[in-house]
Visitor: 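Below are the structure tokens for one structure; questions will follow.
Hydrogens, waters and symmetry mates are skipped; everything else that's a heavy atom, side chains included, is used.
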Amino acid sequence: MTGAHTLPDPVPAERGTRVRGRGVAVPPPRREHTDTVTDVWDAHYADGNSFSPLRDTERALLAEHAPVPGDGGCALDVGCGVGELARHLAESGYEVDAVDFAPAALARARAEGQPGAVAYHLLDIERDGLDVLSPAYDLITFRLGWAFVRDRTRVMNRLSERLRPGGVVCVITPVVEGVRDGGRSIALDADELGVLCAGWGSAERYDADGLAFVVLRDPVAAPVSWGGKKRPTPHALTGAGVVVTDAAGRVLLGWSVRGVWELPGGKNDPGEGFLEAGVRELAEETGLRVEPGGARLLALLMDSTHGIPRLTGAVRVDAFTGEPAVTEPELVHRWEWHEVADLPTLPQPLFTPSAHVIDTVWPGLLPGLPPVHRYPVSVNSPSDTE
């Protein structure tokens with residue numbers, strides 16, 4: 001895209017046009033007696049209002065960059081208003097469809113033009129079906145209306161599907177630096193222009209007396225990519241707790257240096273799933289190795305500690321090798337096998353996330369637990385164990 005040029009002095013608009021800033025009309029204010037956006041615009045046109053007239057620079061850029069109409073060349077003017085651009089395209093040799101959702105705008109457009117020169121259609125480009133349109137156009141134009149389109153990606157996708165090979169989409173729009181305070185809603189900023197130009201093989205921007213004249217060619221249907229946002233603020237704790245039992249059905253607990261009994265487990269490493277984290281932590285903390293297919297993720301448990309959200313994966317290990325050993329004495333004094341029936345009367349406290357994991361395996365075993373949100377996991381995908 002080429003850079004923006006110096007903006008000109010204000011350009012006079014048609015009689016009755018409401019203008020603010022550098023010669024670009026602003027949308028009419030919402031009236032108390034109207035209920036919808038369509039009503040507002042219809043009243044705007046019924047009152048004799050319009051927008052800035054088509055400029056010589058716009059005509060010149062269209063002549064330079066729009067496809068030569070030829071025999072049967074078709075154009076679509078979206079948000080045509082009173083039809084000035086649509087009539088210009090017809091005079092240039094195109095067969096023109098022009099659409100707007102305001103009946104008053106189309107009534108004026110038909111009255112001001114030659115009968116039959118343009119086919120006008122009452123159509124809300126965002127909400128109505130597009131069957132009334134031609135299946136193929138050489139040129140699609142949006143003049144001073146793109147900023148008002150809400151679902152821009154969807155609208156452009158559906159219209160670009162109707163673009164013939166070699167066809168052009170032309171968006172003529174105010175830009176933020178060219179409007180004064182209060183006109184932001186009618187203009188695009190650099191980011192919005194970048195979004196508009198994404199997904200096209202060719203995207204060029206020219207200056208039309210302060211308006212951005214954007215020429216889009218060759219829509220590209222590339223696979224979606226992935227990306228992140230800025231570095232997030234630390235928000236939550238995530239980890240896994242592992243219930244592992246011996247041949248007699250006794251559960252392994254460690255006496256922590258923090259003065260609580262807790263299951264093997266710990267925090268996720270970056271990019272690590274809950275099941276993977278549980279298996280790794282079990283090996284690091286106890287030396288026990290999980291046999292292939294010997295671990296399952298039962299649920300995700302959410303509570304909070306010190307005002308910080310905490311998410312714990314409840315992992316059940318059914319098959320392992322080795323004997324528990326203290327491999328991290330700075331964290332755990334010793335590991336012991338406990339009878340499950342003894343857990344409700346342990347004389348020392350259980351670490352709260354471990355208690356919630358135990359209650360997931362043996363529901364109701366530990367009454368009076370603090371609140372927790374429990375999300376059962378019914379299926380463990382292969383990626384959970386990779």
Side-chain angles (χ1 to χ4, degrees), residues 236-268 273-291 294-380 384:
L237 301 171
T238 66
V242 182
V243 169
V244 56
T245 50
D246 64 7
R250 294 169 294 201
V251 62
L252 186 66
L253 294 175
W255 178 242
S256 169
V257 296
R258 295 177 292 179
V260 293
W261 288 106
E262 60 181 311
L263 296 169
K267 297 181 179 67
N268 304 69
F274 289 99
L275 190 58
E276 183 181 8
V279 170
R280 175 185 55 76
E281 288 284 352
L282 179 66
E284 291 177 357
E285 291 184 342
T286 71
L288 299 182
R289 304 289 175 177
V290 177
E291 295 182 359
R296 294 173 291 138
L297 180 63
L298 303 182
L300 297 180
L301 311 171
M302 177 175 281
D303 65 348
S304 63
T305 179
H306 302 285
I308 302 172
R310 177 170 56 189
L311 188 63
T312 304
V315 175
R316 179 73 165 101
V317 169
D318 299 308
F320 64 91
T321 59
E323 292 291 332
V326 175
T327 59
E328 296 177 336
E330 71 279 9
L331 299 177
V332 175
H333 291 304
R334 64 183 184 278
W335 294 101
E336 296 184 12
W337 296 105
H338 290 251
E339 299 286 350
V340 173
D342 292 340
L343 298 184
T345 57
L346 276 176
Q348 297 87 17
L350 269 171
F351 183 44
T352 300
S354 294
H356 284 143
V357 173
I358 290 170
D359 192 63
T360 300
V361 177
W362 296 287
L365 177 69
L366 303 173
L369 285 175
V372 69
H373 298 285
R374 181 175 281 105
Y375 304 95
V377 176
S378 59
V379 177
N380 289 293
D384 288 331

Visitor: Starting at CG of L365, measure out to OG1 of T360 and round the result to the nearest 0.5 Å.
Guide: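 L365 atom CG to T360 atom OG1 measures 11.5 Å (nearest 0.5 Å).
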
Visitor: Sequence neighbours left out, what pairs pass salt bridge (charged side-chain N to carboxylate O under 4.0 Å, His left out) with at least one residue falling in residues 359-375?
Guide: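 Output for this query lists D359-R374.
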
Visitor: Among residues at least two apart in sequence or on other chains, which ones pass side-chain contact (heavy atoms from CB on, under 4.5 Å) with T345?
Guide: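 side-chain contact (heavy atoms from CB on, under 4.5 Å) list for T345, sorted by chain: empty.
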
Visitor: Restricting to side chain to side chain donor-acceptor pair (under 3.5 Å), what partner residues turn up for T352, sequence neighbours left out?
Guide: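 Residues passing side chain to side chain donor-acceptor pair (under 3.5 Å) with T352: none at all.
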
Visitor: What residues, two or more places apart in sequence or in another chain, satisfy side-chain contact (heavy atoms from CB on, under 4.5 Å) together with V279?
Guide: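 V290, A295.
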
Visitor: Looking at residues at least two apart in the chain, or sitting in another chain, which of them share a side chain to side chain donor-acceptor pair (under 3.5 Å) with T238?
Guide: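 Checked T238 against side chain to side chain donor-acceptor pair (under 3.5 Å); matches are N268.
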
Visitor: Ignoring hydrogens, what is the shortest heavy-atom contact between G313 and L300? Give both atom names and the distance.
Guide: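 Where G313 meets L300 most closely, the heavy atoms are CA-CD2, 4.0 Å.
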
Visitor: Tell me every residue that passes side chain to side chain donor-acceptor pair (under 3.5 Å) with E284, counting only those two or more places apart in sequence or in another chain.
Guide: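 E284: side chain to side chain donor-acceptor pair (under 3.5 Å) contacts with R280.
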
Visitor: What heavy-atom pair brings A355 and L366 nearest, and what distance separates the two atoms?
Guide: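 Minimum heavy-atom contact is O-CD1, 3.8 Å.
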
Visitor: Side-chain atoms of residues 248-265: list all donor-acceptor pairs with protein atoms under 3.5 Å, sequence neighbours left out, distances to 0.1 Å.
Guide:
unit_1	atom_1	unit_2	atom_2	d
R250	NE	D246	OD2	2.8
R250	NH2	D246	OD2	3.0
S256	OG	R258	N	3.0
S256	OG	E262	OE2	3.1
R258	NH2	E262	OE1	3.2
R258	NH2	E262	OE2	3.2
W261	NE1	Q348	OE1	3.0

Visitor: Kindly state each residue pair satisfying salt bridge (charged side-chain N to carboxylate O under 4.0 Å, His left out) with at least one member in residues 297-311, sequence neighbours excluded.
Guide: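 Found D303-R310.
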
Visitor: Apply the side chain to side chain contact (heavy atoms under 4.5 Å, CB included) test between R316 and each candidate in T245, V357, L275; give the one that qualifies.
Guide: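 Filter result, single survivor: T245.
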
Visitor: Show the nearest heavy-atom pair for residues V315 and A240, with the distance to one decimal.
Guide: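 That would be CG2-CB, 4.2 Å.
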
Visitor: Just verifying a value: how many Å separate F320 CZ and L282 CG, rounded to the nearest 0.5 Å?
Guide: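 Rounded to the nearest 0.5 Å, the CZ-CG separation comes to 8.5 Å.
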
Visitor: Keeping H356 on the side-chain end and P370 on the backbone end, is there a donor-acceptor pair under 3.5 Å?
Guide: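 Judged by distance alone, yes, a pair lies under 3.5 Å.
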
Visitor: Enumerate donor-acceptor pairs with a distance under 3.5 Å from any side-chain N or O in residues 332-340 to protein atoms, sequence neighbours excluded.
Guide:
unit_1	atom_1	unit_2	atom_2	d
R334	NE	E336	OE2	2.5
R334	NH2	E336	OE2	3.4
W335	NE1	E285	O	3.2

Visitor: Might you point out which heavy atoms bring F274 and L311 nearest each other, and give the distance in Å?
Guide: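 Reported closest heavy-atom pair: CZ-CD2, 3.6 Å.
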
Visitor: Mind checking what makes side chain to side chain donor-acceptor pair (under 3.5 Å) contact with D318, not counting sequence neighbours?
Guide: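 So D318 forms a side chain to side chain donor-acceptor pair (under 3.5 Å) with R296.
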
Visitor: What are the two closest heavy atoms between P376 and A299, and how far apart are they?
Guide: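 Answer, listing the atom of P376 first, then A299: CA-CB, 3.8 Å.
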
